[in-house]
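Bear in mind that the values here come from a model prediction, so they are computed numbers and not experimental data.
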Amino acid sequence: MSYAADSGVCLDRILASTDLSGLTKKDATTFTRRLKAHFPRLFEKYTYVYGHQYDCYFHLQKLIEILRDGLKKRKPALKKLDSQRLDSPLWYRDEKQVGMACYVDLMGPTLNDLHDKIDYFKALGVTYVHLMPLYDAPKGDSDGGYAVSDYRKVNPTLGTVKDLEKLADALQKEGINLVLDFVFNHTSDEHTWAKAALDGNKQYQNYYYLFDDRTIPDQYEHTLREIFPQVRRGSFTFNEQMEKWVWTTFNSFQWDLNYSNPEVFNAITSEMLFLANLGCAALRLDALAFIWKELGTNCENQEKAHVLIQAFNCCLQIVAPAVVFKSEAIVHPDEVLKYIDKDECQLSYNPLLMALLWNSLATRKTRLLTSSMKKSFAISDNCTWVNYVRCHDDIGWTFDDAVAHDIGINPFDHRLFLNQFYTGRFEGSFANGVPFAENPSNGDCRVCGSLASLCGLEGALNDNDAQGVDEAVKRMLLLYGITFSIGGIPLLYSSDEIGKLNDYSYRDEDSKKHDDRWVNRIAVTNEDTQLALGETTPSNTAQSASLRVFKGLQQMIAIRKQNAIFGQAKTHILETDNQHCFAFLRENIEGEKLLAICNFSEHPQSLSRSILATLKHSASKDLLTGETVEINSSALLVAPFQQMWLLPA
């Protein structure tokens, strides 16, 4: 097949039968121009997945009409932003980009209340706010909002779509990018499509994976992994009303969408464009690794999952090119890299860095971190990492087993150690974490906990241990300092910035007590923000530690924003002569360089000053302390948990 020739003929026919009269003359011209630029790739992707179906071209025609309607509904301010972002497509690699992720109810508690938090975001230095699922969802357990009942309706407890649009406008005026979730692997069983399927509508039953008996599900189950084995076993749920088995990868109330049906792709594209038109700058692709099912595989990271995401990307480029995709692939590092491309996901969470920062904190050693980053940190210059320390979910130890083996680490035993260490089951551990999704068959689990509790603040406060409090604060600043400097968008998780401890109150709520991730979903109160902003003074050790964390992060963010080397630059991971230290060099096209050195130990460490030669200068200045460091024959001393950001003096 000649995709270029065939797509041209196809597009001519589609345009000839597509009514553009509802668009302004300018929009019609824009739409046609972008279609001609991006349709060949969209045609290739769409026909690769659906071309064998007799009605493929009917659905392709309908898709173009959906794109037309999406552009028609896009507000003038967003069209202006499209033009600006097309002129500056790598805005997300700028040193001024600093993110925060939060739940509306835990920061607001409503969308309207978040207007009052804009000054707080700005005081910290945040320019990118990711509001986690705020869509209508089932009452009670909704997987933290990730079971969506209506993409076009805000959860009534948080506000309305109009409130969300007003907030998006307010954030944009203050130079803050809004990020929303695109939950496209599944809907809740209360979604309109699911309700129609329950009522026997064959069209909507084809929106999901439904089976009359266990024959086919059993064939799939041989190669599927269980995601939440502590909640239920298997990936299918029997629905008594339909008398059918439903594919439910995550929870029984989350029905996986059937992307082998082009009607599903089109319908979800319409929902995606609605979200884009609310005014967001990025969409986080939730559970993107799971969207394509292939018998005989684990149904994760399949080739057609990538093809579908690329097709969605084409649709955005035609209607809302200011919006980028953020990959949420918590999978093997080699698979994570496959989603990162300007034509797929321009942004990607960096789960490998996250996991290995915690690993180095527990072991006090950096060999696995250094080796892994050498292999997997470099990505396309058109894309960027979103580097995070904590998120709303759990910590899974997603490092590369082959890299671990190469440096003499047994991966299975090491993951067991990390789980034991961060759940406080390992003697001498400073962490107060909670096991999550513990598999009764093999004892495997993941770890939940707030930044502060996992870094030792909870235990130190309980023991009235002043040195322990000091070390916990230094651990927190070390972890985030690396995300601020290593390259990419640093993403703070709300409550981390003020060192909040685990919240165990979820154990008293029936809808939450089975899901230990709620231990690190923590409210940031007005009292917290007043303390951080200096409107009140600390009255106890916990508040003093909280203020230290906020001020420390605030200082590092300010330094980041003042130095272009933290923006568009290459990162070179360096070997050190001390296994407790991690180092990397940043270098941009202007020839500017920055050397970062980090000590993961509670003891002072020494390094050969030869590492300073990477700056090719006799002396350097530490941006964090203002001190001058010179190359000489003596050892370079690095204090406990110290990090150095060195520029040539």
* Asked: Okay, side chain of Asp199, backbone of Ala196: is any donor-acceptor separation there less than 3.5 Å?
  -> no
* To do: Please determine if Lys304 forms a cation-pi arrangement with Tyr48, meaning its NZ or CZ atom is less than 6.0 Å from the six-membered ring centre and no more than 45° off the ring axis.
  => yes
* Atom CD of Gln84: over 12 foreign heavy atoms under 6.0 Å -> yes
* Close side-chain approach of Asp27 to Lys72, heavy-atom, < 4.5 Å -> no
* To do: Output the distance between atom CG (Asp19) and atom CZ (Arg68), rounded to the nearest 0.5 Å.
  => 6.0 Å
* Is Cys315 close to Leu42 at the side-chain level, that is, under 4.5 Å between some pair of heavy atoms? -> yes
* Work out which heavy atom in Leu275 is nearest to a heavy atom in Leu180; give both atom names and the distance. => O-CD1, 4.3 Å
* Asked: Can you find a heavy atom in the side chain of Val434 that is under 4.5 Å from one in the side chain of Arg507?
  -> yes
* Charged N to carboxylate O below 4.0 Å: is that the case for Glu65 and Lys62? -> yes
* Asked: Heavy atoms, side chains only, cut-off 4.5 Å: are Asn185 and Ile291 in contact?
  -> yes
* **Heavy-atom closest pair, residues Glu190 and Ser149** => CB-OG, 3.6 Å
* Asked: Between Asp503 and Ser505, is there a donor-acceptor pair closer than 3.5 Å when you use the side chain of the first and the backbone of the second?
  -> yes
* **Distance (rounded to the nearest 0.5 Å) between Asp286 CG and Phe290 CZ** => 9.5 Å
* To do: Walk me through it: do Arg517 and Asp143 pass the test salt bridge (charged side-chain N to carboxylate O under 4.0 Å, His left out)?
  => CA-CA 10 Å; Arg517 291 173 299 178; Asp143 190 24; 2.7 Å; yes
* Does some side-chain heavy atom of Ser450 sit less than 4.5 Å from a side-chain heavy atom of Lys500? -> no
* To do: Take Asn502 and Tyr504 through the side chain to side chain donor-acceptor pair (under 3.5 Å) test and state the conclusion after the steps.
  => CA-CA 6 Å; Asn502 286 346; Tyr504 298 103; 3.0 Å; yes
* Asked: Ignoring hydrogens and geometry, is there a side-chain-to-backbone donor-acceptor pair from Asp256 to Thr249 under 3.5 Å?
  -> yes
* **Nearest non-hydrogen partners of Leu288 and Cys345, listed with the distance** => CD1-SG, 4.0 Å
* Asked: Can you tell me how far the CG atom of Asn261 sits from the NE2 atom of His59, to the nearest 0.5 Å?
  -> 6.5 Å
* To do: Looking only at non-hydrogen atoms, find the nearest pair between Ala276 and Ala320 and report the distance.
  => CB-CB, 4.1 Å
* Asked: In this structure, which one of Tyr46, Tyr259, Trp292 forms a ring-ring contact (aromatic ring centres under 6.0 Å, His included) with Phe265?
  -> Tyr46
* Asked: What class does the angle between the rings of Tyr207 and Trp193 fall in, given that below 30° is parallel, 30 to 60° is tilted and above 60° is perpendicular?
  -> perpendicular
* Take Asp163 and Val154, measure what side chain to side chain contact (heavy atoms under 4.5 Å, CB included) needs, and give me the verdict at the end. => CA-CA 9 Å; Asp163 294 335; Val154 168; over 6 Å; no
* Asked: Does one side chain, of Asp141 or His514, offer a donor that lies under 3.5 Å from an acceptor on the other?
  -> yes
* **Derivation and outcome, side chain to side chain contact (heavy atoms under 4.5 Å, CB included), residues Arg34 and Leu71** => CA-CA 11 Å; Arg34 290 183 189 162; Leu71 183 61; 4.1 Å; yes
* Asked: When you measure from the side chain of Glu497 to the backbone N and O of Ser495, does any donor-acceptor pair fall under 3.5 Å?
  -> yes
* Residues which pass salt bridge (charged side-chain N to carboxylate O under 4.0 Å, His left out) with Glu335, listed by chain and number, not counting sequence neighbours -> Lys338
* Could you tell me whether Asp393 and Arg521 make a salt bridge, using a distance below 4.0 angstrom between a side-chain N and a carboxylate O? => yes
* Under 3.5 Å donor-acceptor, Thr127 side chain and Lys96 backbone -> yes
* Asked: Donor-acceptor pair, Asn201 side chain versus Tyr204 backbone, under 3.5 Å?
  -> yes
* What class does the angle between the rings of Phe184 and Phe312 fall in, given that below 30° is parallel, 30 to 60° is tilted and above 60° is perpendicular? -> perpendicular
* To do: May I ask you to check whether Trp518 and Tyr506 place their ring centres under 6.0 Å from each other?
  => no
* To do: Check for a donor-acceptor pair, side chain of Thr297 on one end and backbone N or O of Cys299 on the other, with a separation under 3.5 Å.
  => yes
* **Reported CD-to-CG distance for the pair Glu328 and Leu285, which is rounded to 0.5 angstrom** => 9.0 Å
* Asked: Given the side-chain rings of Tyr146 and His186, with only the six-membered ring counted for Trp, is the space between their centroids under 6.0 Å?
  -> no
* Asked: Any luck finding a side-chain donor-acceptor pair between Asn266 and Thr269 under 3.5 Å?
  -> no
* Asked: Using the benzene-type ring in the case of Trp, are the ring centres of Tyr493 and Tyr388 under 6.0 Å apart?
  -> no
* Asked: Counting only heavy atoms not in Lys80, do more than 12 sit closer than 6.0 Å to its NZ atom?
  -> no
* Reported OG-to-CG distance for the pair Ser270 and Leu67, which is rounded to 0.5 angstrom -> 9.5 Å
* Between Gln254 and Asn251, does any side-chain donor sit less than 3.5 Å from a side-chain acceptor? -> yes
* So, do Leu491 and Thr483 sit near enough that their side-chain heavy atoms are less than 4.5 Å apart? -> no
* Asked: ring-ring contact (aromatic ring centres under 6.0 Å, His included) with Trp245: which of Tyr208, Tyr209, Tyr220, Phe238?
  -> Phe238
* Side-chain donor-acceptor pair present, Asp55, Tyr50, cut-off under 3.5 Å -> no
* Ignoring hydrogens and geometry, is there a side-chain-to-backbone donor-acceptor pair from Asn350 to Asn387 under 3.5 Å? -> no
* **Non-neighbouring partners of Asn239 that pass side chain to side chain contact (heavy atoms under 4.5 Å, CB included), sequence neighbours left out** => Leu198, Gln241, Met242, Val246, Trp255
* With distance as the sole test, does Gln346 use its side chain to make a donor-acceptor pair with the main-chain N or O of Cys383 at under 3.5 Å? -> no
* Asked: Distance-only, no hydrogens or angles: does the Gln302 side chain make a donor-acceptor pair with backbone N or O of Glu300 under 3.5 Å?
  -> yes
* How far apart are the C-alpha atoms of Leu131 and Leu114, what are their side-chain angles, what is the distance that settles it, and do they pass the side chain to side chain contact (heavy atoms under 4.5 Å, CB included) test? -> CA-CA 10 Å; Leu131 299 180; Leu114 283 181; 3.8 Å; yes
* Structure fact -> What one should report as the nearest heavy-atom pair of Gln205 and Gly200 is NE2-CA, 3.6 Å
* To do: Look at the aromatic rings of Tyr57 and Phe43 and report parallel, tilted or perpendicular, splitting at 30° and 60°.
  => tilted
* Structure fact -> On a heavy-atom basis, the closest approach of Arg74 and Val319 is CD-O, 3.4 Å
* Quick one: CG on Leu178 to CG on Leu167, what's the gap to the nearest 0.5 Å? -> 6.5 Å
* **Residues Lys117, Asn526; criterion side chain to side chain donor-acceptor pair (under 3.5 Å); working and verdict** => CA-CA 9 Å; Lys117 294 298 194 298; Asn526 288 334; 3.1 Å; yes
* Asked: Between the side chains of Asn301 and His306, is a donor N or O closer than 3.5 angstrom to an acceptor N or O?
  -> no
